Amino acid sequence: MPTVDFEEHRPVLLGLAYRLLGSMWDAEDVVQEAWLRWQGTDRSEINEPRAFLVTVVSRLALDQLRSARVKREAYTGPWLPEPVMTSEAGPLDTAELRDTVSYATLHLMERLSPPERAVFVLREAFELPYDGIAEIVGTSVANARQLHRRASVRLAEGRDRFRPSAEDHTKLLTTFMDAAAGGDLAALTELLHEDVVSYNDGGGKVRAALRPILGRHKVVAFLNGLLSRYDFTDTRLIELNGQPALWTRVAGNRQAVLIDVHDGLITSIYGVLNPDKLTRVTPG
């Protein structure tokens, strides 16, 4: 029975830990630690296994997130979340579950403090009551409400209230891919928001821009430099984090490219080249 109970909840627990940490490697470590604690617990005293496991995973992830933030500050270049195949992201039964696992939201959540991130994820994605969240985070109900409000405001500043449909997202990404492949700089420029930002994560293991590239003209110049200097092969559309994404090889190195869209224009481009973050991306 203990194995059956735990395995029943594993997809939810992985999805929770991944949203809190932005790394499936770390999420799997947290869930494994939760399993060990589950093994050592007298289950006759546990009335609700799911609630117990969500609490354990949340607290373990919070502890890991606090230490991870220090490491990410010393990371070579911009730190981006680890993308995952949509099939590996856990249940996506609600709009909130899909939104909180989207790549842009995971990236924005790096702005939050660990308690803010935990409260936001537990409330938005998993619909826990504030008293339960307060107990998990170790704060008062009133402060949990305040943390959620603060996190919501900070994330709203970087998110479009009206997300494009999957069809529109795919169409925009396909147009971007075709314009880049054809070296059509005019078409590329038309797709980008004036304040677009390009982030590139090589992690010091693959050559990549060490700072975010800001603004339409600088991003176009950067893309033009890449296209003229390197060969892009094996380019195709795949689905990552619940949304369409590009898979390609740049000078033989694997790369996943994801975008964020506001008002029909690309506002963020996320290029993940760090091979350690692409081990779970299997384009087929």
Side-chain angles (χ1 to χ4, degrees), residues 22-26 71-88 102-104 106-107 110 169-193 195-241 243-261 265-284:
S23 164
M24 190 57 79
W25 282 109
D26 293 336
K71 295 178 183 177
R72 290 172 190 178
E73 289 174 1
Y75 191 79
T76 302
W79 186 93
L80 292 177
E82 176 191 352
V84 296
M85 304 298 290
T86 297
S87 59
E88 304 298 321
S102 76
Y103 201 81
L106 285 173
H107 183 247
E110 289 295 309
H169 196 117
T170 301
K171 183 178 179 181
L172 184 58
L173 196 56
T174 302
T175 305
F176 175 83
M177 180 173 64
D178 292 343
D184 190 340
L185 299 186
L188 272 178
T189 302
E190 291 180 359
L191 298 173
L192 303 180
H193 190 278
D195 299 319
V196 64
V197 184
S198 176
Y199 304 90
N200 299 272
D201 180 348
K205 300 187 176 186
V206 175
R207 187 172 183 179
L210 296 178
R211 293 181 178 82
I213 299 159
L214 312 176
R216 179 191 293 152
H217 296 298
K218 288 185 179 180
V219 169
V220 169
F222 173 72
L223 292 174
N224 184 43
L226 289 178
L227 294 166
S228 62
R229 191 177 308 168
Y230 300 107
D231 291 328
F232 286 74
T233 60
D234 195 26
T235 302
R236 67 184 85 175
L237 282 174
I238 61 173
E239 188 172 289
L240 298 173
N241 294 75
Q243 294 178 317
L246 289 181
W247 171 261
T248 190
R249 289 182 181 272
V250 187
N253 296 310
R254 296 172 296 164
Q255 180 179 21
V257 180
L258 305 97
I259 62 172
D260 193 21
V261 179
L265 295 174
I266 297 172
T267 55
S268 299
I269 303 172
Y270 309 100
V272 183
L273 297 99
N274 185 340
D276 293 342
K277 295 185 178 182
L278 297 174
T279 57
R280 287 171 179 77
V281 178
T282 53

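None of the values given here were measured: they were computed from a predicted structure.
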task = Could you check if a side-chain atom of Ile213 sits within less than 4.5 angstrom of a side-chain atom of Ile269, using non-hydrogen atoms only?
result = no

request  = Answer yes when Arg280 and Glu82 have at least one side-chain N-carboxylate O distance shorter than 4.0 Å, and no when they do not.
outcome  = yes

ask   = Are Leu188 and Phe176 close enough that some pair of their side-chain heavy atoms sits under 4.5 Å apart?
value = yes

query = Has the side chain of Trp25 got a donor or acceptor atom that lies under 3.5 Å from a matching backbone atom of Asp276?
reply = yes

task = Taking Thr248 for its side chain and Thr233 for its backbone only, find out whether a donor-acceptor pair lies under 3.5 Å.
result = yes

Residue that, paired with Tyr103, satisfies side-chain contact (heavy atoms from CB on, under 4.5 Å) out of Leu80, Ile259, Leu240, Val84 = Leu80

request  = Taking Arg216 for its side chain and Leu192 for its backbone only, find out whether a donor-acceptor pair lies under 3.5 Å.
outcome  = yes

key: Beyond-backbone contact of Arg254 with Leu273, side-chain heavy atoms, under 4.5 angstrom   = no

Atom CG of Asp231: over 12 foreign heavy atoms under 6.0 Å = no

task = Report the residue from Arg207, Arg72, Lys277 that forms a salt bridge (Lys or Arg N to Asp or Glu O under 4.0 Å) with Asp201.
result = Lys277

inquiry  = When you compare the side chain of Asn274 with that of Val206, does any pair of heavy atoms fall below 4.5 Å?
reply    = no

request  = Check whether the side chains of Tyr230 and Asn253 place a donor and an acceptor atom closer than 3.5 Å, and report yes or no.
outcome  = no

